[in-house]
Amino acid sequence: MIDQDISTASFDHCGIIIAVLTMASKSSLQPSPVAAAFRSLQWDPLSSLRLTPQETALLRMAESNPIEYTLGDARDATMYVRVLLKLLAEASVNVSGHVARITEECNENRALDALDADPLGVVTHYAIAKLSTIIATLSSPWAAENGVSIGNVFYAGSEGVLIEQWKALLRVISKGKGDAYAQRSAALCLAQILVAACPSQRGASDTNAKDGAGRAPSYSSAIEPLEALTAWVITQLKSPNAVTVGTTVPAIMTLTSATEGRQIFAASGGIKYLSRQLRQREKSKSSSSSSGASERKANSSVQQLYELAFCLWCLTYELNNFADVRADFAKDGLPVMALVELVSSAPREKVVRVALAALRNLATCSADIHPEPDMPRIDSKVFLGEMIACGLMKAIKLLRDRQFTDPDIVEDVDKLHKLLADNFKEMTRWEVYQNEVETGQLSWGSTHTEAFFKENAKMMEGKDGDFKLVKILISLLSSSDEDISAIACFDLGEFCRHYPNGRSIAKRLGGKDLAMTLIEHDNPELQRHALQCVSKMMVQNWEYVK
């Protein structure tokens with residue numbers, strides 16, 4: 001886990017790279033639960049690994065020498081990683097065996113029992129652990145001083161092509177379901193290897209520079225593996241299980257350290273799935289109690305919130321560069337909603353920090369450099385409207401009254417307060433209401449009154465006459481939030497009263513049937529609004545009924 005907070009406000013792209021790689025590597029520090037059995041591995045009896053005498057000798061030599069000695073020569077280093085990847089390919093045929101089910105660190109006796117029961121499972125963990133150590137060493141100042149790097153060890157030939165054996169790592173993460181250590185660490189290793197080839201990384205650190213032969217790793221050879229790894233990450237992010245999601249976090253953090261990785265991740269729907277996970281983890285954290293195991297679970301949930309929010313913040317650095325990224329952040333209002341909820345609930349200062357930093361980037365982004373082709377303009381104004389609709393102004397006012405030790409938070413709070421206030425002054429009441437409905441975050445106020453609908457009922461038609469907002473209101477009748485359902489009932493009823501033929505439109509769109517189901521709801525307030533809504537759809541002169 002990552003204990004230290006990372007400052008955000010002053011980061012440029014290079015700052016992101018350094019911070020993300022630092023955090024990702026710290027996430028990988030959890031050892032294999034069977035690490036105590038590694039030194040007892042005997043290669044000769046494991047004939048199923050199909051090791052040659054030379055490969056066995058290399059493994060033994062690497063065990064008896066410091067890792068820097070083995071990596072000191074790029075050719076020897078490449079041979080060593082190929083042998084380790086071969087171990088993975090041969091040993092991971094059944095990566096969901098006995099070792100995969102061990103989740104807590106074993107003492108030596110238990111680790112040796114695991115070695116007897118599942119030797120190939122232990123070999124799988126051994127190979128991944130060695131690869132993790134190699135990559136960490138190749139990313140260190142020592143590697144830069146000695147002219148070795150991830151690029152000249154994992155990319156071969158005059159063209160610097162990714163070595164074919166990388167597929168063993170993909171096999172582990174794809175078929176290692178249930179083995180959290182193997183999946184998490186293999187995914188991180190693969191992400192670090194692939195990101196080293198991204199053009200945006202060259203020159204960002206010594207580990208990504210050209211090797212002594214004057215060649216850089218070939219990005220074209222890494223594109224397909226990057227897409228394959230990202231596809232697996234997205235699949236895992238669809239899971240409601242925190243452990244399953246946790247296997248992806250270090251890899252996502254590494255992917256989002258590079259422009260190319262952020263672009264591929266965003267194009268695969270990553271922004272949407274990260275946002276969903278943030279909302280899900282936030283609800284999970286809120287429902288945890290504060291004692292014993294539940295407190296540990298809550299702390300773990302907060303940590304995962306921080307890491308996921310950090311990844312989403314990294315993605316906001318592509319807002320000005322890609323119209324598609326802006327469109328994904330604007331889609332359904334989900335990302336803004338997730339970030340505002342984090343700020344409003346204030347689960348921990350470090351979570352608030354990255355959420356505010358992401359919101360600030362959204363609130364200041366521009367569509368001038370890369371405008372949307374044949375699409376409505378999406379820029380800071382759109383996102384500020386969503387923030388206002390989600391209640392960020394109220395949350396920011398509360399944050400201004402709190403004492404924060406981090407000046408970055410204070411600066412972000414003040415900046416967002418000014419931007420929101422200025423934008424709110426420019427918005428009409430209708431624009432405020434429209435944003436509120438489109439984000440689904442309804443809250444009682446001046447836009448949910450009889451006077452408002454008398455003035456604006458005609459606007460409910462929409463520009464295309466498709467009654468989009470009416471359809472959204474009807475869908476919100478089924479909201480899990482009872483207050484939102486009640487407000488949707490009120491608004492739908494007022495639309496029926498004040499729009500010509502509004503009653504028949506609402507009935508045709510299914511509003512009456514959904515509202516009828518709420519009349520017997522357990523919540524008396526929602527029940528009352530549902531009954532009034534149905535009555536407004538059926539009665540010609542509602543004011544006389546009142």
Side-chain angles (χ1 to χ4, degrees), residues 1-4 6 11 13-32 35 38 58-59 61-85 125-156 160 162-163 166 169 181 184-217 222 249-258 261 314:
M1 289 205 178
I2 305 158
D3 296 322
Q4 71 178 38
I6 292 184
F11 275 3
H13 283 259
C14 184
I16 293 176
I17 292 167
I18 295 169
V20 172
L21 292 179
T22 300
M23 292 178 69
S25 63
K26 287 193 175 187
S27 292
S28 70
L29 290 180
Q30 295 171 322
S32 162
F38 289 170
L58 182 57
L59 288 170
M61 182 199 73
E63 282 294 330
S64 60
N65 291 302
I67 189 65
E68 290 83 0
Y69 177 84
T70 306
L71 300 178
D73 181 272
R75 182 176 297 179
D76 289 345
T78 300
M79 287 176 61
Y80 183 44
V81 300
R82 284 180 173 175
V83 173
L84 291 172
L85 290 169
H125 279 218
Y126 171 87
I128 294 172
K130 290 298 180 184
L131 286 167
S132 298
T133 302
I134 288 169
I135 291 171
T137 306
L138 292 174
S139 304
S140 68
W142 171 87
E145 292 169 4
N146 289 272
V148 291
S149 68
I150 292 175
N152 59 27
V153 172
F154 288 90
Y155 294 79
L162 178 65
I163 58 176
W166 72 268
L169 288 165
Y181 170 80
R184 181 183 65 251
S185 300
L188 174 59
C189 285
L190 184 55
Q192 290 172 321
I193 292 166
L194 299 176
V195 163
C198 292
S200 65
Q201 299 293 78
R202 293 173 194 162
S205 70
D206 289 332
T207 60
N208 297 322
K210 293 183 178 182
D211 64 19
R215 63 165 172 79
V249 172
I252 300 174
M253 295 167 82
T254 302
L255 290 172
T256 53
S257 69
C314 289

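Excluded from the calculations below are hydrogen atoms, water molecules and symmetry mates; all remaining heavy atoms, backbone and side chain alike, are included. We number each residue from 1, following the sequence as shown.
- Rounded to the nearest 0.5 angstrom, Q192 CD and I134 CD1 are separated by 12.0 Å.
- The shortest heavy-atom contact between L188 and P250 is CD1-O, 3.6 Å.
- Contact annotation: the side chain of W166 never approaches that of L85 to less than 4.5 Å [non-hydrogen atoms, C-beta and beyond].
- We find the CG-SG distance between L255 and C314 to be 11.0 Å, quoted to the nearest 0.5 Å.
- The two residues R82 and A156 have their closest heavy-atom pair at NH2-CB, 3.7 Å.
- The shortest side-chain heavy-atom distance between L59 and L84 falls under the 4.5 Å cut-off.
- Between Q30 atom CD and S132 atom OG the span is 11.5 Å, to the nearest 0.5 Å.
- When side chains are defined from C-beta on, P217 does not count as touching L162, because their heavy atoms never get closer than 4.5 Å.
- The list of side-chain hydrogen bond (donor to acceptor under 3.5 Å, both in side chains) pairs with a residue in residues 61-74, not counting sequence neighbours, reads E63-Y126, E63-K130.
- Between A129 and F38, the shortest heavy-atom contact is CB-CE1, 3.8 Å.
- Across N152 and T78, no two heavy atoms sit closer than the pair O-OG1, 3.6 Å.
- Counting heavy atoms from C-beta outward, L131 and I193 have side chains that stay 4.5 Å or more apart.
- Side-chain contact check for H125 versus S185: every heavy-atom pair is 4.5 Å or farther apart.
- Among all heavy-atom pairs drawn from I128 and A186, the shortest one is CG2-N, 3.9 Å.
- Minimum interatomic distance between S32 and Y181 (heavy atoms only, all atoms of both residues): N-CE1, 3.4 Å.
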